[in-house]
Amino acid sequence: MQSIDAALAGNFQFDHQIKINRMGFGAMRIVGKGVWGEPENRKEVIATLYRTLELGINFIDTADSYGPFISEELICEALYPYPKNLLIGTKGGHTRHGPDIWRPIGSPDYLRQCVLMSMRRLKLDQIRLWQLHRVGEDTFPELQFEAIAKMQQEGLIGHIGLSAVSVGMIKRASKFFKVASVQNKYNLVNRESEAVVDFCDENNIAFIPYAPLEQGVKFTGPVLEEIMNKKHASARQIALAWLLKRSKIIVPIPGTGSVQHLEENTAAVNVNLTDDEWTKLDLEGKKIWDKQKKSAKLYL
Ligand SMILES: NC(=O)c1ccc[n+]([C@@H]2O[C@H](COP(=O)([O-])OP(=O)(O)OC[C@H]3O[C@@H](n4cnc5c(N)ncnc54)[C@H](OP(=O)(O)O)[C@@H]3O)[C@@H](O)[C@H]2O)c1
């Protein structure tokens, strides 16, 4: 097997201390079905977490609401004490009411509890990247941003990110703190966030596309298949390679609880698309998106 090193994806630098390889890991899939409860195969999940580091991954995305709490606890169990270069980005702002049921809450007191409890579970004295999972509709966004900025000033949070937001919301938040990362759904066939990607690119904000594999939905298309055959790569690997070439601020975080899938996904760093291949793929993906986008929900 060809060796796999996430560093081949290039890197994104948050500051002079935090530089991550542009192929990360999404830790939402290391818990039970519906992102609720314990994983079915705990041993495999722990092995997957160990393997991330061996593959050169030094950015793990999680959230207090994955499990809830279980994803953060498993990361700590498997990887603590953490290597110095590992960035664990977590999120808060969601409450959970059962499998696949998520309710955002933006009250400043709740957000503060989210951060303090993530610190405790992850055994960190600062969350170096904390992302507001959703801008809660129960509280004015500015009150949420003010509370988060205060936690940054106190040193509880290093960098601040947002999730599921429009360019307008990023600009509103930017009046309170430097937005370091944005996490929106984005992949070969989901283009709702094109304008957000462009904005992040122009402002050197890490864009962390969630669901980079369209949450397990099969990618198909004649151009895709032709490139797969030419490169001896899977559809998922081509879709990840397309993301990596889209912009240098993109850091994909494919999610899995399986060592084999993790290896396949990370090996996408070995797939180099030519400009021509990238453009043809881009058009094919856009056409699929244009057909299905009516059902999409616009971000705040
Ligand atoms: N900010 C947000 O609101 C938000 C929302 C959703 C997700 N996220 C983050 O983004 C990460 C990625 O998104 P996601 O996990 O929802 O979706 P994804 O990465 O697009 O796809 C994950 C799904 O694909 C399957 N899969 C992954 N690699 C595979 C492979 N090589 N072969 C076959 N199946 C494969 C996984 O199942 P297996 O476990 O069986 O591999 C899982 O069902 C999450 O883990 C989470 O950290 C953030």
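Atoms within a ligand are numbered from 1 in the order they appear, just like the ligands themselves. Since the model is a prediction, treat every value here as computed from it, not as a measurement.
Listed by number with element, the atoms of ligand 1 under 4.0 angstrom from any heavy atom of S163 are 1 (N), 2 (C), 3 (O). For ligand 1, the atoms sitting less than 4.0 Å from at least one non-hydrogen atom of A27 are 45 (O), 47 (O), numbered in the order shown with element in parentheses. Per-residue contacts place L213 under 4.0 angstrom from the following atoms of ligand 1 (heavy atoms of the residue considered): 18 (P), 20 (O), 21 (O), 27 (C), 28 (N). Atoms of ligand 1 found under 4.0 Å from any heavy atom of H133 (numbered from 1 in listed order, with element): 1 (N), 2 (C), 3 (O). Close approach of ligand 1 to R134 (heavy-atom distance below 4.0 Å) involves ligand atoms 2 (C), 3 (O). For ligand 1, the atoms sitting less than 4.0 Å from at least one non-hydrogen atom of P254 are 19 (O), numbered in the order shown with element in parentheses. Listed by number with element, the atoms of ligand 1 under 4.0 angstrom from any heavy atom of G257 are 39 (O).
Nearest non-hydrogen protein atom to atom 9 (C) of ligand 1 is D61 OD2, 3.5 Å. For atom 48 (C) of ligand 1, the closest non-hydrogen atom on the protein side is Q183 OE1, 3.1 Å. Among protein heavy atoms, atom 21 (O) of ligand 1 sits closest to Q215 CA, 3.4 Å. The protein non-hydrogen atom at the shortest distance from atom 12 (C) of ligand 1 is I253 O, 3.1 Å. Closest to atom 13 (O) of ligand 1 among all protein heavy atoms lies A211 N, 3.1 Å. Closest to atom 15 (O) of ligand 1, if we only count protein heavy atoms, is R29 NE, 2.9 Å. With hydrogens left out, the protein atom closest to atom 30 (C) of ligand 1 is H261 CG, 3.3 Å, a heavy atom. The protein heavy atom nearest to atom 44 (C) of ligand 1 is M28 CB, 3.5 Å.
Residue L162 comes nearest to Q131 through the heavy atom pair N-CB, 4.5 Å, listed as atom of the first residue, atom of the second, then distance. For V251 against G24, the heavy-atom pair with the smallest separation is CG1-N, 4.3 Å. Across all their heavy atoms, H16 and Q13 have their closest contact at CA-NE2, 3.9 Å. A pairwise comparison of heavy atoms in L122 and Y80 identifies O-CD1, 4.2 Å as the closest pair. The two residues L86 and I57 make their nearest non-hydrogen contact at CD1-O, 4.4 Å.
Around CD of E142, the count of heavy atoms belonging to other residues, nucleotides or ligands within 6.0 Å exceeds 12. For E226, the CD atom is loosely surrounded, since the number of other residues' heavy atoms within 6.0 Å does not exceed 12. Within a 6.0 Å sphere centred on NZ of K231, heavy atoms belonging to other residues, nucleotides or ligands number more than 12.
H159 pairs with exactly one of F59, W130, F14 by the ring pair (Phe, Tyr, Trp, His ring centres under 6.0 Å) rule, that one being F14. Between K91 and the options D64, D61, T62, a side-chain hydrogen bond (donor to acceptor under 3.5 Å, both in side chains) holds for only D61. When each of R246, K185, K293 is paired with E194, the salt bridge (charged side-chain N to carboxylate O under 4.0 Å, His left out) condition holds for R246 and for no other.
By heavy-atom distance, the residue among P252, G216, P212, G255 lying nearest atom 36 (C) of ligand 1 is G255.
Heavy atoms of R236 found under 4.0 angstrom from ligand 1 belong exclusively to the side chain. Contacts with ligand 1 closer than 4.0 Å are made by side-chain heavy atoms of E264 only, the backbone lying farther away. With a 4.0 Å cut-off on non-hydrogen atoms, N265 touches ligand 1 through its side chain and not its backbone. With a 4.0 Å cut-off on non-hydrogen atoms, E214 touches ligand 1 through its backbone and not its side chain.
Every N/O-N/O distance between K91 and ligand 1 stays at or above 3.5 Å. Taking distance alone, with nitrogen or oxygen atoms compared against 3.5 Å, S258 stays at or beyond that limit from ligand 1. Looking at ligand 1, you won't find any N or O of Y210 less than 3.5 Å from one of its N or O atoms. Close N/O approach between T62 and ligand 1 is not found [any backbone or side-chain N/O within under 3.5 Å].
A heavy-atom separation below 4.0 Å is not found between A164 and ligand 1. At least one heavy atom of Y66 sits closer than 4.0 Å to an atom of ligand 1.
Because its NZ or CZ atom is both nearer than 6.0 Å to the ring centre of W102 and within 45° of the ring axis, R96 counts as a cation-pi partner of that residue.
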Trace of the side-chain hydrogen bond (donor to acceptor under 3.5 Å, both in side chains) decision for E264 with S234 = CA-CA 8 Å; E264 178 192 327; S234 71; 2.7 Å; yes
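Side-chain contact between D275 and K245: present, with at least one pair of heavy atoms (C-beta onward) separated by less than 4.5 Å.
With ring centers used as reference points, Y186 lies under 6.0 Å from W242.
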